[in-house]
Amino acid sequence: MVFSIALRFLRDRAVAEELAQDVFLKLYRELPKLESPEHVKFWLRKVISHRSMDYSRGARVRREVGLDDVAEPASHWKSGDVLLQDALRKLVSSLPDDARMMIVLRYQEEMEPQEIANTLGIPVGTVKSRLRRSLVLLRGKVQRLMGEPAR
Amino acid sequence: MNDLERQLKEALRRSDPPPHFAQRVLARVAQENAPHSPPARLPVWRLPVMRWAVAAVIVLVAGLGGVGYRVHEQKAEEAQALAAKRQVMLALRITSSKLRVVKQKVHNAEDAQKSGNTL
């Protein structure tokens with residue numbers, strides 16, 4: 001969960017591992033303060049999300065991904081299409097930091113908007129609106145990439 | 001959930017951490033728990049206690065030097081006084097012996113005068 005959030009957000013395995021190790025080390029120090037397994041899970045998601053966004057802001061590792069950078073997937077939507085999934089991950093990485101993290105938490109961790117809001121410390125309304133806008137943006141990019149409307 | 005969301009869910013599914021990730025975390029935890037190594041040893045002359053020791057020695061040497069100088073000065077004065085006393089005593093002895101000689105001569109002269117008057 002921890003490594004994967006950082007990886008999907010930063011798309012850099014080495015950095016994701018480094019950040020995940022830092023978070024687990026911090027967890028080891030903070031463990032006495034955490035009250036339950038659920039609390040630990042919430043804490044881990046929160047800390048890795050913030051660490052990843054801080055790293056992204058500091059290192060400017062994210063680069064804008066244009067459609068030309070994305071490999072053309074199969075001509076039709078097909079579940080499990082590796083090229084399509086890779087293309088989607090690259091398109092997600094072109095989103096702004098906060099929107100990207102919301103997408104990762106929503107679709108990797110399957111968190112509800114309220115949980116995302118609690119984790120990132122922002123209003124739930126903001127989460128919902130940014131998720132909607134991100135999906136519209138992604139759909140548009142996918143349509144241009146695939147040459148067919150995405151539902 | 002529409003197609004795009006389903007595809008996003010598949011594209012962003014959890015990825016396993018690299019092999020030995022847990023061991024590396026545990027190694028860092030163990031490193032954190034390891035007793036801290038003592039600070040690098042300073043050379044003896046740079047230890048704070050040595051500064052105080054050096055200061056104490058300087059004060060001590062300066063103090064003893066002052067005392068020693070005063071003792072030496074006092075002894076020199078005493079020696080000078082003793083030498084002066086000896087000289088005075090010698091002078092008195094010489095004067096005394098000379099006075100005795102003069103007194104003897106005067107006495108002899110009086111005796112001679114007395115015996116001449118009687119003849």
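Chain letters run A, B, ... following the sequence lines, proteins first and then strands; every chain starts at 1.
- Interface remark: A/Val92 contributes side-chain atoms only to the contact with chain B (heavy atom separation under 4.5 Å).
- Ring geometry, B/Phe21 versus A/Phe3: the interplanar angle falls from 30° to 60°, so the pair is classed tilted.
- Using modelled atom types, no side-chain atom of A/Arg8 and backbone atom of A/Met101 make a donor-acceptor pair closer than 3.5 Å.
- At least one side-chain heavy atom of A/Asp97 sits under 4.5 Å from a side-chain heavy atom of A/Phe9.
- Heavy atoms closer than 4.5 Å to chain B are found in both the backbone and the side chain of A/Ile103.
- The most heavy-atom pairs under 4.5 Å with chain B, out of A/Ala16, A/Ala20, A/Ser4, come from A/Ser4.
- Counting heavy-atom pairs under 4.5 Å between each of B/Leu8, B/Asp16, B/Leu26, B/Val25 and chain A puts B/Leu8 at the top.
- Heavy atoms closer than 4.5 Å to chain B are found in the side chain of A/Leu7, but not in its backbone.
- The closest side-chain heavy-atom distance from A/Val2 to A/Leu27 is not below 4.5 Å.
- B/Arg13 places a side-chain N or O within donor-acceptor distance of the main-chain N or O of B/Glu10, the cut-off being under 3.5 Å.
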